[in-house]
Number of protein chains: 2
Amino acid sequence: MSQQRTGPTDGPDFPDLPEATVARLPEYLRALHHLAEDGHDTVSSEGLAAAAGVNSAKLRKDLSHLGRTGTRGVGYDVTLLIDQIEQVLGLTHRRAVALVGVGNLGHALAGYAGFGTRGFRIAALFDADHSRVGEHINGLVVRHIDDLPEVVDQESISIAVIATPAHAAQHVADRLVEAGVTSVLNFAPCVLNVPDGVDVRKVDLAIELQILSFHEHRKSALTALPAAVQKPGRVGMANRLGGEAVAT
Amino acid sequence: MSQQRTGPTDGPDFPDLPEATVARLPEYLRALHHLAEDGHDTVSSEGLAAAAGVNSAKLRKDLSHLGRTGTRGVGYDVTLLIDQIEQVLGLTHRRAVALVGVGNLGHALAGYAGFGTRGFRIAALFDADHSRVGEHINGLVVRHIDDLPEVVDQESISIAVIATPAHAAQHVADRLVEAGVTSVLNFAPCVLNVPDGVDVRKVDLAIELQILSFHEHRKSALTALPAAVQKPGRVGMANRLGGEAVAT
DNA sequence: AGGCGCTTGTGAAGCCGTGCACAAATCGCG
DNA sequence: CGCGATTTGTGCACGGCTTCACAAGCGCCT
Ligand SMILES: NC(=O)c1ccc[n+]([C@@H]2O[C@H](COP(=O)([O-])OP(=O)(O)OC[C@H]3O[C@@H](n4cnc5c(N)ncnc54)[C@H](O)[C@@H]3O)[C@@H](O)[C@H]2O)c1
Ligand SMILES: NC(=O)c1ccc[n+]([C@@H]2O[C@H](COP(=O)([O-])OP(=O)(O)OC[C@H]3O[C@@H](n4cnc5c(N)ncnc54)[C@H](O)[C@@H]3O)[C@@H](O)[C@H]2O)c1
């Protein structure tokens, strides 16, 4: 079955995969796991695309970059495709993640089960506040940030999450990079400067809301002029589009 | 000066603004507020671009869509530009936001100060768990989700944040839409189906990590072949690129 | 065994976004 | 008052992404 492939860790079988595709693969992966739980063993591109909320042609093109994955006339083998995507995303082993800043948000993240079920393991918690150091959260002890190099080395941590106030984020990022971390997920609302070879992704709640605000603003500006449905009661507004996403 | 514009709420002065630009305006806004606090009253496109972490040409093109904003030879008036961007993003009044799902993550969000400082006001908290209803968080009372239509109406809420488990998210979204909410920020790892005219943005921590994982995987695959720096000690790795982002 | 229906994989076209490079505009100074 | 330094605003070309549409391939049924 899956063993027939020429080798799991063959190495450079990356046809350098468009960035947009990479960003969607995790979405497919989640939908596939869901389908697998529901007992499906094959999916059509149409079905998977619906479950992931994308265009089916886009999905097929994305998957075509992984090599020959589907079977014409049938669809995609769910478990095989899961393996392929996890392979490409480097999720074959559970990656160790460090979380820096165990405050309001950090506590929530530390207790988040979604880490474990999606291929990651929180390997360490750090904070600069001495009164927090030593605290036990979800089976982990909060360590002082000065221990960073040591722990990063011991636990082979390459990914870190920053959940400190914005004014501390750049400093934390510098220390992370210095300790050997090469990927950072930043929750602090600020721009991080890192050397080449280090990846940074950011999550900014306020930015997301402001983008929504823009569209709200635009909607109300538009509905002000035409004979608009100011408040259609509450009929027919709900799930019109699409139907159920997962399964059928 | 600024009063000379033909009218602040003129309405359809939207040259429909590229989506990519909309997504960056909040970033500029944050950088501008930072600059204003530091006493700057004008910025060059170069300076602002550096502070926001983007290309200066891109920034100029983005801002050019807002109309005549800068002064050649001088730069941009910081406070004026802040006003313009807030205008376009619809941040002239503090928008009311509902938060549904006051669990682990919801608590953190409810206590987040960044809402207030970036143009939003948490107007209501909802949960389905009766044992949570009535709880006071940050000056707000958690209400039962059945009160949604009433409260949404009273508080003129058009934006909602979903922080419930994934299996409840679609149901919550339906009820939100039914109550009149037209923008949703979804933290639950699932696809939401909503009717036309309703905007959904999602934040999925695991997806972000998986994208980082891919790049990690690729990095280690690449450094495996050439005469690579497996572990360069810890020298010279840190802040090489760029320098300080904000001010100079 | 052969045909038929279904689904993948992909060529090609169009759109959007990015970044260079430069002309136009503005200010300050002599 | 005019000139040069400076910085904006933008025309243009290029690359990437999306989408349509269809031929090639596969399994199933007769
Ligand atoms: N709370 C939220 O819901 C939320 C939402 C979106 C974004 N954020 C952002 O996430 C970040 C954290 O938010 P929060 O509400 O948890 O803040 P917080 O103040 O509750 O927690 C910050 C933690 O970081 C620690 N810290 C400070 N400096 C540090 C350093 N140099 N090294 C290590 N640890 C350090 C503090 O001791 C504290 O425990 C902020 O940047 C915030 O803007 C928070
Ligand atoms: N905790 C995190 O750090 C984190 C990070 C990223 C994403 N998420 C996602 O955010 C969501 C919430 O995570 P959490 O850790 O806070 O979970 P949680 O179980 O602690 O909280 C969920 C809350 O939602 C409420 N709820 C359930 N069904 C509801 C319904 N139909 N209507 C209203 N409220 C309802 C529950 O009563 C509970 O209070 C999940 O989807 C999770 O995957 C969480």
Side-chain angles (χ1 to χ4, degrees), chain A residues 1 4 13-28 31-32 35 40-78 80-81 84-85 88 211 214-215 242 248, chain B residues 1 4 13-28 31-32 35 40-78 80-81 84-85 88 211 214-215 242 248:
Chain A
M1 270 252 197
Q4 187 155 7
D13 46 356
F14 294 124
D16 60 29
L17 224 29
E19 192 58 31
T21 297
V22 174
R24 281 187 297 265
L25 288 180
E27 205 83 56
Y28 305 154
L32 284 165
L35 288 168
H40 295 70
D41 45 356
T42 60
V43 221
S44 69
S45 66
E46 203 78 39
L48 183 53
V54 300
N55 181 297
S56 68
K58 198 191 294 188
L59 177 127
R60 286 198 297 276
K61 188 153 288 188
D62 282 343
L63 295 186
S64 74
H65 291 130
L66 309 185
R68 197 155 280 97
T69 52
T71 310
R72 295 174 192 231
V74 178
Y76 299 89
D77 181 303
V78 172
L80 176 59
L81 193 50
Q84 297 238 7
I85 293 180
V88 170
I211 294 172
F214 168 81
H215 290 296
T248 346
Chain B
M1 266 276 191
Q4 190 157 6
D13 48 356
F14 294 124
D16 58 31
L17 224 28
E19 192 57 31
T21 296
V22 174
R24 281 187 296 266
L25 288 180
E27 206 83 58
Y28 304 154
L32 284 165
L35 288 170
H40 295 70
D41 47 356
T42 60
V43 221
S44 69
S45 66
E46 203 78 40
L48 182 53
V54 300
N55 181 295
S56 68
K58 198 191 295 188
L59 178 127
R60 287 197 297 276
K61 187 155 291 187
D62 283 343
L63 295 186
S64 74
H65 290 131
L66 309 185
R68 199 155 280 99
T69 52
T71 309
R72 295 174 192 229
V74 178
Y76 298 90
D77 182 302
V78 172
L80 175 60
L81 193 50
Q84 297 238 8
I85 294 180
V88 168
I211 295 172
F214 168 80
H215 292 296
T248 342

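So you know, we letter chains A, B, ... as the sequences are listed, proteins then strands, and number each from 1.
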### Task
Would you mind reading off the distance between Gln84(A) atom CD and dT8(C) atom C1', rounded to a whole angstrom?
14 Å
### Query
Over how many whole Å does the gap from His65(B) atom NE2 to dT18(C) atom C1' extend?
12 Å
### Query
Taking for each residue the nucleotide of DNA chain C with the nearest heavy atom, is it Ser64(A) or Gly73(A) whose nucleotide lies nearer the 5' end?
Gly73(A)
#### Entry: Nearest-Å distance for atom pair CG/P, residues Asp77(B) and dT26(C)
15 Å
#### Entry: Separation of dT8(C) P from Leu66(A) CG (nearest whole Å)
14 Å
### Message
Students often get this wrong, so: under 4.0 angstrom with heavy atoms, is Thr69(B) touching a base, only sugar-phosphate, or nothing?
### Response
sugar-phosphate
### Summary
Output for pair (Leu17(A) CG, Phe214(B) CZ), nearest 0.5 Å, gives 4.5 Å
### Task
Classify the side chain of Arg72(A) versus the base of dT8(C) as yes if they form a donor-acceptor pair under 3.5 Å and no if they do not.
yes
### Task
Confirm from the modelled atom types if Lys61(B) and dG19(C) form a donor-acceptor pair under 3.5 Å, side chain to base only.
yes
### Message
Measure CZ/Arg60(A) against P/dG11(C) and give the value in whole Å, please.
### Response
14 Å
### Message
Under 4.0 Å, heavy atoms only, any strand: does Thr21(A) hit a base, just the sugar-phosphate, or nothing?
### Response
nothing
### Query
Of the nucleotides dG9(D), dT8(C), dT19(D), which one has an atom closest to the side chain of Ser44(A)?
dT8(C)
#### Entry: Distance-minimising heavy-atom pair for Leu63(A) and Thr69(A)
O-OG1, 3.7 Å
### Query
Nearest-Å distance, CG (Leu17(B)) to P (dC16(C))?
14 Å
### Query
Hey, does the side chain of Tyr76(A) come within less than 4.0 Å of dC26(D)'s phosphate (OP1/OP2), counting only N and O?
no
### Task
For Ala49(B) and Ser56(B), work out which heavy atoms get closest and say how close.
CB-CA, 3.5 Å
### Task
Kindly compute the distance separating NE2 (His65(A)) from CZ (Arg60(A)), expressed to the nearest 0.5 Å.
13.5 Å
### Message
Is there a side-chain contact between Ser45(A) and the phosphate of dT8(C), meaning an N or O under 4.0 Å from OP1 or OP2?
### Response
yes
### Message
Does dT18(C) have its OP1 or OP2 closer than 4.0 Å to a side-chain nitrogen or oxygen of Lys58(B)?
### Response
yes
### Message
So Leu48(A) and Leu32(A), do their side chains get closer than 4.5 Å, heavy atoms only?
### Response
yes
## Note on the structure
Glu46(A) atom CD is separated from dG9(C) atom C1', nearest whole Å, by 15 Å
### Query
Are Arg24(B) and dT18(C) close enough that a side-chain N or O sits under 4.0 Å from OP1 or OP2?
yes
### Message
What is the distance, to the nearest angstrom, from the CG atom on Asn55(A) to the P atom on dA21(D)?
### Response
12 Å
